[in-house]
Number of protein chains: 2
Amino acid sequence: MPNKSIHTKLTKNEEDYLKALFHLLSEAGDNKVGTNQLAEYMGISPASVSGMLKKMKTKDLVASERYGKLDLTEEGTAIAVQLIRKHRLWETFLYTHMNFTWDEVHEVAEQLEHIKSTKLIAELDKFLGHPKRDPHGAVIPNAEGEYQLLPKITLAQLEAGDRCRLVSVKDSSVAFLQYVSRLGLALSSEIQIREIEAFDGSVTISFDNKEINVSKKFVDNVFVEKI
Amino acid sequence: MPNKSIHTKLTKNEEDYLKALFHLLSEAGDNKVGTNQLAEYMGISPASVSGMLKKMKTKDLVASERYGKLDLTEEGTAIAVQLIRKHRLWETFLYTHMNFTWDEVHEVAEQLEHIKSTKLIAELDKFLGHPKRDPHGAVIPNAEGEYQLLPKITLAQLEAGDRCRLVSVKDSSVAFLQYVSRLGLALSSEIQIREIEAFDGSVTISFDNKEINVSKKFVDNVFVEKI
DNA sequence: TACATAAATTAGGCATGCCTAACAAATCAA
DNA sequence: TTGATTTGTTAGGCATGCCTAATTTATGTA
Ligand SMILES: [Mn+2]
Ligand SMILES: [Mn+2]
Ligand SMILES: [Mn+2]
Ligand SMILES: [Mn+2]
(Lines give C-alpha, C1' and ligand atoms only; values in the text may rest on other atoms or scores of the structure.)
(Ligands and ions follow the chains in the order given, each with its own letter.)
Protein backbone atom coordinates (compact mmCIF):
# COMPACT_ATOMS: atom_id res chain seq x y z
CA MET A 1 0.00 0.00 0.00
CA PRO A 2 1.37 3.43 -0.90
CA ASN A 3 2.37 5.73 1.94
CA LYS A 4 -0.90 7.31 2.97
CA SER A 5 0.73 9.91 5.19
CA ILE A 6 1.94 11.81 2.17
CA HIS A 7 -1.64 12.99 1.71
CA THR A 8 -1.41 15.18 4.74
CA LYS A 9 2.15 16.32 4.25
CA LEU A 10 1.66 18.36 1.10
CA THR A 11 1.66 22.12 1.12
CA LYS A 12 -1.18 24.15 -0.33
CA ASN A 13 1.03 24.99 -3.29
CA GLU A 14 1.97 21.41 -4.02
CA GLU A 15 -1.72 20.54 -3.91
CA ASP A 16 -2.59 23.30 -6.34
CA TYR A 17 0.09 22.08 -8.75
CA LEU A 18 -1.37 18.58 -8.68
CA LYS A 19 -4.86 19.85 -9.28
CA ALA A 20 -3.79 22.13 -12.12
CA LEU A 21 -1.82 19.39 -13.81
CA PHE A 22 -4.71 16.98 -13.43
CA HIS A 23 -7.11 19.40 -15.13
CA LEU A 24 -4.72 20.06 -17.99
CA LEU A 25 -4.07 16.35 -18.51
CA SER A 26 -7.80 15.64 -18.53
CA GLU A 27 -8.40 18.19 -21.24
CA ALA A 28 -5.33 17.32 -23.23
CA GLY A 29 -6.18 13.71 -24.00
CA ASP A 30 -3.11 12.36 -25.73
CA ASN A 31 -1.62 15.75 -26.43
CA LYS A 32 1.46 16.86 -24.56
CA VAL A 33 1.10 19.00 -21.47
CA GLY A 34 4.21 21.11 -20.96
CA THR A 35 5.84 23.40 -18.46
CA ASN A 36 4.81 26.60 -20.21
CA GLN A 37 1.22 25.49 -20.38
CA LEU A 38 1.09 24.67 -16.69
CA ALA A 39 2.79 27.96 -15.86
CA GLU A 40 0.30 29.89 -17.97
CA TYR A 41 -2.63 28.05 -16.37
CA MET A 42 -1.39 28.76 -12.85
CA GLY A 43 -0.39 32.34 -13.58
CA ILE A 44 3.26 31.88 -12.66
CA SER A 45 6.54 31.72 -14.58
CA PRO A 46 7.79 28.59 -16.38
CA ALA A 47 10.98 28.79 -14.31
CA SER A 48 8.97 28.46 -11.10
CA VAL A 49 7.13 25.48 -12.51
CA SER A 50 10.39 23.80 -13.48
CA GLY A 51 11.68 24.18 -9.95
CA MET A 52 8.55 22.96 -8.28
CA LEU A 53 8.15 19.98 -10.59
CA LYS A 54 11.71 18.95 -9.86
CA LYS A 55 10.86 18.74 -6.17
CA MET A 56 7.57 16.97 -6.81
CA LYS A 57 9.29 14.36 -8.94
CA THR A 58 11.50 13.40 -6.00
CA LYS A 59 8.29 12.99 -3.98
CA ASP A 60 6.93 10.70 -6.66
CA LEU A 61 3.91 12.86 -7.38
CA VAL A 62 4.85 13.91 -10.89
CA ALA A 63 6.54 11.95 -13.65
CA SER A 64 8.38 13.35 -16.65
CA GLU A 65 11.71 13.23 -18.39
CA ARG A 66 13.93 16.27 -18.83
CA TYR A 67 12.39 18.41 -21.56
CA GLY A 68 9.62 15.84 -21.95
CA LYS A 69 5.88 15.84 -21.41
CA LEU A 70 4.43 16.12 -17.93
CA ASP A 71 2.42 13.43 -16.21
CA LEU A 72 1.06 12.57 -12.77
CA THR A 73 2.01 9.40 -10.92
CA GLU A 74 -0.73 7.18 -9.55
CA GLU A 75 -0.20 8.77 -6.15
CA GLY A 76 -0.31 12.27 -7.63
CA THR A 77 -3.48 11.50 -9.51
CA ALA A 78 -5.18 10.07 -6.43
CA ILE A 79 -4.38 13.17 -4.41
CA ALA A 80 -5.58 15.46 -7.20
CA VAL A 81 -8.88 13.61 -7.41
CA GLN A 82 -9.43 13.92 -3.66
CA LEU A 83 -8.71 17.64 -3.90
CA ILE A 84 -11.28 17.96 -6.64
CA ARG A 85 -13.73 16.01 -4.52
CA LYS A 86 -13.17 18.37 -1.61
CA HIS A 87 -13.38 21.44 -3.83
CA ARG A 88 -16.71 20.37 -5.30
CA LEU A 89 -18.22 19.31 -2.00
CA TRP A 90 -17.33 22.70 -0.52
CA GLU A 91 -18.79 24.48 -3.55
CA THR A 92 -21.96 22.51 -3.07
CA PHE A 93 -22.08 23.40 0.61
CA LEU A 94 -21.57 27.10 -0.10
CA TYR A 95 -24.26 27.01 -2.75
CA THR A 96 -26.90 24.98 -0.94
CA HIS A 97 -26.41 26.15 2.65
CA MET A 98 -24.47 29.42 2.63
CA ASN A 99 -26.50 31.29 0.01
CA PHE A 100 -23.56 31.71 -2.34
CA THR A 101 -24.29 32.21 -6.03
CA TRP A 102 -22.58 29.90 -8.49
CA ASP A 103 -20.08 32.55 -9.48
CA GLU A 104 -19.06 33.11 -5.83
CA VAL A 105 -18.34 29.54 -4.76
CA HIS A 106 -15.11 28.82 -6.63
CA GLU A 107 -12.85 31.34 -4.98
CA VAL A 108 -13.69 30.28 -1.45
CA ALA A 109 -13.65 26.56 -2.33
CA GLU A 110 -10.13 27.14 -3.65
CA GLN A 111 -9.18 27.85 -0.04
CA LEU A 112 -11.43 25.32 1.69
CA GLU A 113 -10.15 22.41 -0.41
CA HIS A 114 -6.84 22.62 1.49
CA ILE A 115 -8.33 22.02 4.93
CA LYS A 116 -6.84 18.80 6.33
CA SER A 117 -9.51 16.62 7.91
CA THR A 118 -10.70 13.31 6.54
CA LYS A 119 -13.57 13.27 9.00
CA LEU A 120 -14.79 16.71 7.97
CA ILE A 121 -15.05 15.71 4.33
CA ALA A 122 -16.82 12.45 5.14
CA GLU A 123 -19.31 14.30 7.34
CA LEU A 124 -19.78 17.12 4.88
CA ASP A 125 -20.54 14.59 2.15
CA LYS A 126 -23.07 12.90 4.39
CA PHE A 127 -24.57 16.23 5.48
CA LEU A 128 -25.06 17.26 1.84
CA GLY A 129 -26.70 13.92 1.04
CA HIS A 130 -23.82 12.55 -1.04
CA PRO A 131 -24.28 14.99 -3.92
CA LYS A 132 -23.32 13.78 -7.40
CA ARG A 133 -22.77 17.20 -9.02
CA ASP A 134 -21.42 20.56 -7.91
CA PRO A 135 -23.15 23.90 -8.65
CA HIS A 136 -21.46 24.02 -12.06
CA GLY A 137 -22.71 20.57 -13.00
CA ALA A 138 -19.30 18.91 -12.55
CA VAL A 139 -19.22 15.33 -11.26
CA ILE A 140 -18.07 14.86 -7.65
CA PRO A 141 -15.71 11.90 -7.17
CA ASN A 142 -16.58 9.58 -4.29
CA ALA A 143 -14.41 8.87 -1.25
CA GLU A 144 -12.60 6.12 -3.13
CA GLY A 145 -11.71 8.54 -5.92
CA GLU A 146 -14.11 6.99 -8.41
CA TYR A 147 -16.12 9.22 -10.68
CA GLN A 148 -18.22 9.02 -13.77
CA LEU A 149 -16.63 10.16 -17.00
CA LEU A 150 -19.36 11.83 -18.99
CA PRO A 151 -19.25 12.45 -22.72
CA LYS A 152 -18.06 16.03 -23.05
CA ILE A 153 -20.25 17.55 -25.70
CA THR A 154 -20.09 21.33 -25.94
CA LEU A 155 -22.65 23.62 -27.48
CA ALA A 156 -20.06 24.22 -30.17
CA GLN A 157 -20.27 20.64 -31.36
CA LEU A 158 -23.97 20.74 -32.22
CA GLU A 159 -25.58 21.64 -35.50
CA ALA A 160 -28.35 24.01 -36.45
CA GLY A 161 -31.69 22.61 -35.34
CA ASP A 162 -30.27 20.42 -32.56
CA ARG A 163 -31.93 20.60 -29.16
CA CYS A 164 -30.04 20.06 -25.90
CA ARG A 165 -29.95 20.53 -22.17
CA LEU A 166 -27.23 22.47 -20.34
CA VAL A 167 -25.49 19.96 -18.04
CA SER A 168 -22.36 21.80 -16.91
CA VAL A 169 -19.97 24.65 -17.58
CA LYS A 170 -16.23 24.39 -18.19
CA ASP A 171 -15.03 27.83 -17.19
CA SER A 172 -15.49 28.77 -13.54
CA SER A 173 -14.57 32.43 -13.82
CA VAL A 174 -16.86 34.98 -12.27
CA ALA A 175 -17.18 36.86 -15.57
CA PHE A 176 -18.34 33.80 -17.47
CA LEU A 177 -20.72 32.50 -14.83
CA GLN A 178 -22.35 35.87 -14.30
CA TYR A 179 -22.74 36.24 -18.04
CA VAL A 180 -24.48 32.87 -18.25
CA SER A 181 -26.86 33.85 -15.46
CA ARG A 182 -27.49 37.25 -16.97
CA LEU A 183 -28.50 35.60 -20.23
CA GLY A 184 -31.09 33.65 -18.28
CA LEU A 185 -29.33 30.30 -18.61
CA ALA A 186 -28.68 27.80 -15.83
CA LEU A 187 -28.10 24.08 -15.35
CA SER A 188 -30.92 22.11 -17.06
CA SER A 189 -31.86 24.94 -19.39
CA GLU A 190 -33.21 23.64 -22.69
CA ILE A 191 -31.55 25.19 -25.69
CA GLN A 192 -31.99 24.95 -29.41
CA ILE A 193 -29.33 25.80 -31.96
CA ARG A 194 -30.72 28.23 -34.50
CA GLU A 195 -27.80 29.15 -36.64
CA ILE A 196 -24.05 28.83 -36.70
CA GLU A 197 -22.09 31.67 -38.26
CA ALA A 198 -19.35 30.24 -40.44
CA PHE A 199 -17.29 33.42 -40.28
CA ASP A 200 -16.51 33.51 -36.54
CA GLY A 201 -18.17 30.42 -35.10
CA SER A 202 -20.69 32.45 -33.15
CA VAL A 203 -24.00 30.72 -32.57
CA THR A 204 -27.60 31.88 -32.39
CA ILE A 205 -29.44 29.88 -29.74
CA SER A 206 -32.97 29.99 -28.42
CA PHE A 207 -34.40 29.12 -25.03
CA ASP A 208 -37.40 30.31 -23.00
CA ASN A 209 -38.80 32.04 -26.10
CA LYS A 210 -35.67 34.14 -26.34
CA GLU A 211 -33.20 34.16 -29.18
CA ILE A 212 -29.66 35.40 -28.70
CA ASN A 213 -26.27 35.24 -30.32
CA VAL A 214 -23.24 34.00 -28.39
CA SER A 215 -19.56 33.76 -29.29
CA LYS A 216 -17.47 30.74 -30.19
CA LYS A 217 -15.66 31.16 -26.90
CA PHE A 218 -18.97 30.98 -25.10
CA VAL A 219 -20.25 27.81 -26.78
CA ASP A 220 -16.89 26.13 -26.16
CA ASN A 221 -17.46 26.50 -22.45
CA VAL A 222 -20.95 25.05 -22.18
CA PHE A 223 -21.43 21.29 -21.86
CA VAL A 224 -24.76 19.86 -22.99
CA GLU A 225 -26.57 16.63 -23.66
CA LYS A 226 -28.67 16.24 -26.77
CA ILE A 227 -32.38 15.71 -26.35
CA MET B 1 -11.54 54.86 9.31
CA PRO B 2 -8.60 52.46 9.54
CA ASN B 3 -7.54 50.66 6.39
CA LYS B 4 -9.92 47.73 6.20
CA SER B 5 -8.00 45.99 3.46
CA ILE B 6 -5.30 44.99 5.91
CA HIS B 7 -7.71 42.38 7.25
CA THR B 8 -7.39 40.34 4.11
CA LYS B 9 -3.69 40.89 3.55
CA LEU B 10 -2.37 39.03 6.57
CA THR B 11 -0.75 35.64 6.29
CA LYS B 12 -1.93 32.67 8.32
CA ASN B 13 1.16 33.04 10.50
CA GLU B 14 0.61 36.71 11.19
CA GLU B 15 -2.96 35.92 12.14
CA ASP B 16 -1.86 33.19 14.53
CA TYR B 17 0.57 35.60 16.18
CA LEU B 18 -2.21 38.12 16.75
CA LYS B 19 -4.51 35.50 18.21
CA ALA B 20 -1.82 34.08 20.49
CA LEU B 21 -0.86 37.51 21.76
CA PHE B 22 -4.49 38.40 22.34
CA HIS B 23 -5.04 35.29 24.46
CA LEU B 24 -1.92 35.91 26.52
CA LEU B 25 -2.82 39.55 27.07
CA SER B 26 -6.33 38.58 28.15
CA GLU B 27 -5.03 36.19 30.75
CA ALA B 28 -2.20 38.42 31.89
CA GLY B 29 -4.31 41.34 33.08
CA ASP B 30 -1.78 44.03 34.00
CA ASN B 31 1.15 41.63 34.04
CA LYS B 32 3.77 41.86 31.36
CA VAL B 33 3.56 39.59 28.34
CA GLY B 34 7.02 39.01 26.89
CA THR B 35 8.74 37.51 23.88
CA ASN B 36 9.70 34.26 25.64
CA GLN B 37 6.18 33.73 26.84
CA LEU B 38 4.71 34.20 23.39
CA ALA B 39 7.37 31.92 21.91
CA GLU B 40 6.65 29.23 24.49
CA TYR B 41 2.89 29.53 23.87
CA MET B 42 3.31 29.20 20.12
CA GLY B 43 5.89 26.47 20.33
CA ILE B 44 8.58 28.40 18.44
CA SER B 45 11.86 30.06 19.40
CA PRO B 46 12.09 33.52 21.00
CA ALA B 47 14.34 34.61 18.14
CA SER B 48 11.61 33.83 15.63
CA VAL B 49 9.12 35.82 17.65
CA SER B 50 11.47 38.80 17.81
CA GLY B 51 11.76 38.79 14.06
CA MET B 52 8.08 38.43 13.38
CA LEU B 53 7.08 41.09 15.91
CA LYS B 54 9.51 43.50 14.29
CA LYS B 55 7.68 43.10 11.01
CA MET B 56 4.27 43.31 12.63
CA LYS B 57 5.21 46.55 14.37
CA THR B 58 5.88 48.16 11.01
CA LYS B 59 2.41 47.03 9.96
CA ASP B 60 0.96 48.66 13.05
CA LEU B 61 -0.50 45.46 14.44
CA VAL B 62 1.71 45.15 17.49
CA ALA B 63 3.07 47.81 19.81
CA SER B 64 6.08 47.53 22.11
CA GLU B 65 9.39 49.18 22.87
CA ARG B 66 12.71 47.41 22.53
CA TYR B 67 13.05 45.02 25.46
CA GLY B 68 9.65 46.15 26.69
CA LYS B 69 6.28 44.51 27.19
CA LEU B 70 4.22 43.42 24.21
CA ASP B 71 0.85 44.85 23.28
CA LEU B 72 -1.62 44.83 20.40
CA THR B 73 -2.68 47.97 18.58
CA GLU B 74 -6.37 48.69 18.16
CA GLU B 75 -6.13 47.29 14.65
CA GLY B 76 -4.31 44.18 15.86
CA THR B 77 -6.88 43.62 18.58
CA ALA B 78 -9.78 43.99 16.18
CA ILE B 79 -8.31 41.41 13.82
CA ALA B 80 -7.59 39.01 16.68
CA VAL B 81 -11.18 39.25 17.89
CA GLN B 82 -12.51 38.51 14.40
CA LEU B 83 -10.23 35.48 14.21
CA ILE B 84 -11.56 34.25 17.52
CA ARG B 85 -15.10 34.81 16.26
CA LYS B 86 -14.37 32.74 13.17
CA HIS B 87 -12.62 30.04 15.16
CA ARG B 88 -15.55 29.65 17.54
CA LEU B 89 -18.20 29.74 14.83
CA TRP B 90 -16.38 27.00 12.97
CA GLU B 91 -16.04 24.94 16.16
CA THR B 92 -19.76 25.31 16.68
CA PHE B 93 -20.47 24.24 13.13
CA LEU B 94 -18.24 21.17 13.43
CA TYR B 95 -19.88 20.25 16.70
CA THR B 96 -23.51 20.83 15.81
CA HIS B 97 -23.55 19.77 12.15
CA MET B 98 -20.47 17.65 11.43
CA ASN B 99 -20.70 15.25 14.39
CA PHE B 100 -17.37 16.30 15.82
CA THR B 101 -16.77 15.75 19.54
CA TRP B 102 -15.66 18.73 21.59
CA ASP B 103 -12.09 17.50 21.68
CA GLU B 104 -11.93 17.21 17.87
CA VAL B 105 -13.14 20.67 16.88
CA HIS B 106 -10.18 22.84 17.84
CA GLU B 107 -7.57 21.43 15.48
CA VAL B 108 -9.72 21.81 12.40
CA ALA B 109 -11.04 25.23 13.46
CA GLU B 110 -7.43 26.31 13.75
CA GLN B 111 -7.27 25.86 9.97
CA LEU B 112 -10.76 27.05 9.08
CA GLU B 113 -10.35 30.36 10.93
CA HIS B 114 -7.94 31.50 8.19
CA ILE B 115 -10.41 31.17 5.33
CA LYS B 116 -10.90 34.60 3.78
CA SER B 117 -14.55 35.33 3.14
CA THR B 118 -16.63 37.86 4.97
CA LYS B 119 -19.78 36.51 3.38
CA LEU B 120 -19.07 32.96 4.49
CA ILE B 121 -18.74 33.96 8.13
CA ALA B 122 -21.89 36.07 8.03
CA GLU B 123 -23.83 33.20 6.47
CA LEU B 124 -22.36 30.61 8.80
CA ASP B 125 -23.36 32.72 11.78
CA LYS B 126 -26.89 33.02 10.42
CA PHE B 127 -27.02 29.31 9.57
CA LEU B 128 -26.02 28.40 13.13
CA GLY B 129 -28.66 30.74 14.57
CA HIS B 130 -26.21 33.35 15.88
CA PRO B 131 -24.77 31.13 18.60
CA LYS B 132 -23.52 32.85 21.76
CA ARG B 133 -21.13 30.13 22.95
CA ASP B 134 -18.81 27.61 21.30
CA PRO B 135 -18.67 23.90 22.27
CA HIS B 136 -16.25 24.73 25.08
CA GLY B 137 -18.55 27.35 26.55
CA ALA B 138 -16.47 30.29 25.31
CA VAL B 139 -18.28 33.46 24.26
CA ILE B 140 -18.47 34.16 20.52
CA PRO B 141 -17.84 37.83 19.61
CA ASN B 142 -20.38 39.35 17.22
CA ALA B 143 -19.65 40.74 13.77
CA GLU B 144 -18.78 44.10 15.27
CA GLY B 145 -16.21 42.52 17.55
CA GLU B 146 -18.28 43.02 20.69
CA TYR B 147 -18.42 40.26 23.26
CA GLN B 148 -19.49 39.72 26.81
CA LEU B 149 -16.74 39.58 29.41
CA LEU B 150 -17.84 37.03 31.98
CA PRO B 151 -16.49 36.74 35.48
CA LYS B 152 -13.82 34.07 35.26
CA ILE B 153 -14.35 31.88 38.29
CA THR B 154 -12.51 28.58 38.23
CA LEU B 155 -13.33 25.50 40.26
CA ALA B 156 -10.11 26.23 42.10
CA GLN B 157 -11.53 29.43 43.58
CA LEU B 158 -14.45 27.79 45.35
CA GLU B 159 -14.57 26.46 48.88
CA ALA B 160 -15.68 23.19 50.38
CA GLY B 161 -19.46 22.95 50.33
CA ASP B 162 -19.91 25.35 47.39
CA ARG B 163 -22.19 24.28 44.56
CA CYS B 164 -21.66 25.41 40.96
CA ARG B 165 -22.38 24.79 37.30
CA LEU B 166 -19.69 24.13 34.71
CA VAL B 167 -19.86 27.01 32.20
CA SER B 168 -16.70 26.62 30.14
CA VAL B 169 -13.22 25.15 29.95
CA LYS B 170 -9.96 27.03 29.55
CA ASP B 171 -7.70 24.38 28.05
CA SER B 172 -8.68 23.14 24.59
CA SER B 173 -6.22 20.24 24.37
CA VAL B 174 -7.52 16.86 23.34
CA ALA B 175 -6.09 15.25 26.47
CA PHE B 176 -7.90 17.60 28.82
CA LEU B 177 -11.23 17.57 27.01
CA GLN B 178 -11.31 13.81 26.70
CA TYR B 179 -10.50 13.54 30.37
CA VAL B 180 -13.39 15.83 31.28
CA SER B 181 -15.77 13.76 29.16
CA ARG B 182 -14.45 10.50 30.56
CA LEU B 183 -15.15 11.74 34.06
CA GLY B 184 -18.76 12.26 33.02
CA LEU B 185 -18.60 16.05 33.09
CA ALA B 186 -19.86 18.43 30.41
CA LEU B 187 -21.08 22.00 30.04
CA SER B 188 -23.89 22.67 32.55
CA SER B 189 -22.85 19.83 34.86
CA GLU B 190 -23.73 20.63 38.49
CA ILE B 191 -20.80 20.13 40.80
CA GLN B 192 -20.30 20.36 44.53
CA ILE B 193 -16.96 20.89 46.22
CA ARG B 194 -16.44 18.26 48.91
CA GLU B 195 -12.94 18.79 50.12
CA ILE B 196 -9.83 20.73 49.17
CA GLU B 197 -6.51 19.10 49.94
CA ALA B 198 -4.18 21.69 51.41
CA PHE B 199 -1.07 19.73 50.48
CA ASP B 200 -1.37 19.77 46.67
CA GLY B 201 -4.52 21.75 45.95
CA SER B 202 -6.34 18.72 44.61
CA VAL B 203 -10.10 18.81 45.05
CA THR B 204 -12.73 16.22 45.78
CA ILE B 205 -15.88 17.03 43.86
CA SER B 206 -19.24 15.35 43.52
CA PHE B 207 -21.76 15.30 40.70
CA ASP B 208 -24.37 12.82 39.47
CA ASN B 209 -24.01 10.85 42.72
CA LYS B 210 -20.34 10.31 41.95
CA GLU B 211 -17.45 11.53 44.04
CA ILE B 212 -13.99 11.91 42.54
CA ASN B 213 -10.69 13.62 43.20
CA VAL B 214 -9.15 15.93 40.62
CA SER B 215 -5.82 17.79 40.50
CA LYS B 216 -5.07 21.46 41.02
CA LYS B 217 -4.19 21.69 37.32
CA PHE B 218 -7.62 20.32 36.51
CA VAL B 219 -9.64 22.72 38.66
CA ASP B 220 -7.63 25.64 37.28
CA ASN B 221 -8.96 24.85 33.84
CA VAL B 222 -12.65 24.64 34.62
CA PHE B 223 -14.78 27.78 34.69
CA VAL B 224 -17.96 27.70 36.75
CA GLU B 225 -20.74 29.87 38.10
CA LYS B 226 -21.88 29.49 41.66
CA ILE B 227 -25.43 28.34 42.32
C1' DT C 1 20.82 19.43 -43.01
C1' DA C 2 21.06 23.98 -40.83
C1' DC C 3 19.24 27.71 -38.81
C1' DA C 4 15.53 30.14 -36.35
C1' DT C 5 12.21 29.83 -32.96
C1' DA C 6 9.92 27.79 -29.13
C1' DA C 7 10.12 25.29 -24.86
C1' DA C 8 12.42 23.99 -20.70
C1' DT C 9 16.01 24.34 -17.39
C1' DT C 10 19.54 26.53 -14.60
C1' DA C 11 21.55 30.52 -12.18
C1' DG C 12 21.03 33.97 -9.01
C1' DG C 13 17.92 36.73 -6.10
C1' DC C 14 14.12 37.94 -2.99
C1' DA C 15 10.34 37.48 0.77
C1' DT C 16 8.49 34.68 4.47
C1' DG C 17 9.25 32.40 8.58
C1' DC C 18 11.65 29.11 10.94
C1' DC C 19 16.22 27.66 13.44
C1' DT C 20 20.75 27.98 16.63
C1' DA C 21 24.41 30.65 18.46
C1' DA C 22 26.17 34.85 20.00
C1' DC C 23 25.41 39.03 22.14
C1' DA C 24 23.01 42.91 24.69
C1' DA C 25 19.83 44.63 28.01
C1' DA C 26 17.18 44.22 32.09
C1' DT C 27 16.31 42.35 36.45
C1' DC C 28 17.16 40.02 40.75
C1' DA C 29 20.09 39.18 44.81
C1' DA C 30 23.74 39.37 47.64
C1' DT D 1 26.33 48.38 43.63
C1' DT D 2 27.82 44.71 41.36
C1' DG D 3 27.59 40.26 39.60
C1' DA D 4 24.58 36.38 38.07
C1' DT D 5 20.59 35.10 35.80
C1' DT D 6 16.86 35.87 32.85
C1' DT D 7 14.98 37.97 28.88
C1' DG D 8 15.26 39.83 24.35
C1' DT D 9 17.66 40.96 19.98
C1' DT D 10 20.85 40.32 16.26
C1' DA D 11 23.57 37.45 13.08
C1' DG D 12 23.80 33.91 9.98
C1' DG D 13 21.50 29.88 7.88
C1' DC D 14 17.93 26.99 5.80
C1' DA D 15 13.46 25.56 3.26
C1' DT D 16 9.66 27.06 0.40
C1' DG D 17 8.25 29.14 -3.60
C1' DC D 18 8.23 33.03 -6.33
C1' DC D 19 10.86 36.14 -9.88
C1' DT D 20 14.04 37.59 -14.21
C1' DA D 21 17.87 36.59 -17.12
C1' DA D 22 20.83 33.44 -19.30
C1' DT D 23 21.41 29.07 -21.21
C1' DT D 24 20.30 24.58 -23.11
C1' DT D 25 17.47 21.41 -25.67
C1' DA D 26 13.89 20.44 -28.93
C1' DT D 27 11.29 21.45 -32.94
C1' DG D 28 9.90 23.23 -37.30
C1' DT D 29 11.08 25.15 -41.67
C1' DA D 30 13.84 26.36 -45.58
MN1 LIG E 1 -14.55 25.41 -8.78
MN1 LIG F 1 -6.56 25.80 -3.96
MN1 LIG G 1 -10.61 26.27 19.99
MN1 LIG H 1 -4.84 29.07 13.16
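Throughout, a chain's letter reflects where its sequence line sits, starting with A, and its residues are numbered from 1.
Classification of the A/His97-A/Phe93 ring pair by plane angle, with boundaries at 30° and 60°, yields parallel. The aromatic rings of A/Phe127 and B/Phe127 lie perpendicular to each other, with more than 60° between the two planes, well past the 30° mark.
Put simply, B/Lys54 has a side-chain N or O that comes within less than 4.0 Å of OP1 or OP2 on D/dT10. Distances shorter than 4.0 Å separate some side-chain N or O of B/Ser50 from OP1 or OP2 on D/dT9. Taking only side-chain nitrogens and oxygens, A/Asn13 never comes nearer than 4.0 Å to OP1 or OP2 of D/dT16. For C/dT10, one of the phosphate oxygens OP1 or OP2 lies less than 4.0 angstrom from a side-chain nitrogen or oxygen of A/Arg66. The shortest distance between the side-chain N/O atoms of A/Tyr17 and the OP1/OP2 oxygens of D/dT16 is not below 4.0 Å. Here A/Ser45 reaches the OP1 or OP2 of D/dC19: one of its side-chain N or O atoms lies under 4.0 Å away. At C/dT16, none of the side-chain N or O atoms of B/Thr11 fall inside 4.0 Å of OP1 or OP2 (strictly under the cut-off).
In this entry the distance linking CD1 of B/Ile44 with P of D/dC14 reads 20 Å, nearest Å. Between the P atom of D/dT25 and the NZ atom of A/Lys69 lies a distance of 21 Å, rounded to the nearest Å. Atom-to-atom, CG of B/Asn36 to C1' of D/dT5 comes out at 13 Å; the value is rounded to the nearest Å. Remark: P of D/dG17 and CG of A/Leu38 are 14 Å apart, rounded to the nearest angstrom. Atom CE in A/Met52 sits roughly 18 Å away from atom C1' in C/dT10 (whole-Å rounding). Separating the CD atom of B/Glu65 from the C1' atom of D/dT7 is a distance of 16 Å, rounded to the nearest angstrom. Between the CE atom of A/Met56 and the P atom of D/dA15 there is a distance of 19 Å, given to the nearest Å. Between B/Glu14 atom CD and C/dA15 atom P there is a gap of 15 Å when expressed in whole angstrom units.
A centroid separation of less than 6.0 Å is found between the aromatic rings of A/His87 and A/His106.
At a threshold of 4.0 angstrom between heavy atoms, the contacts of B/Lys32 are confined to the sugar-phosphate backbone, with no base atom among them. Counting any heavy atom pair closer than 4.0 Å across all strands shown, A/Thr35 reaches sugar-phosphate atoms only and no base atom.
The base of D/dT7 is not paired with the side chain of B/Tyr67 by any donor and acceptor separated by under 3.5 Å.
Heavy-atom nearest nucleotides on DNA chain D were determined for B/Val33 and for A/Met42, and the one closer to the 5' end corresponds to B/Val33.
Between B/Lys217 and B/Asp171 there is no salt bridge, since no side-chain N of the basic residue sits under 4.0 Å from a carboxylate O of the acidic one.
Within 6.0 Å of atom NZ in A/Lys119, more than 12 heavy atoms from other residues, nucleotides or ligands are found, so the atom counts as buried in its surroundings.
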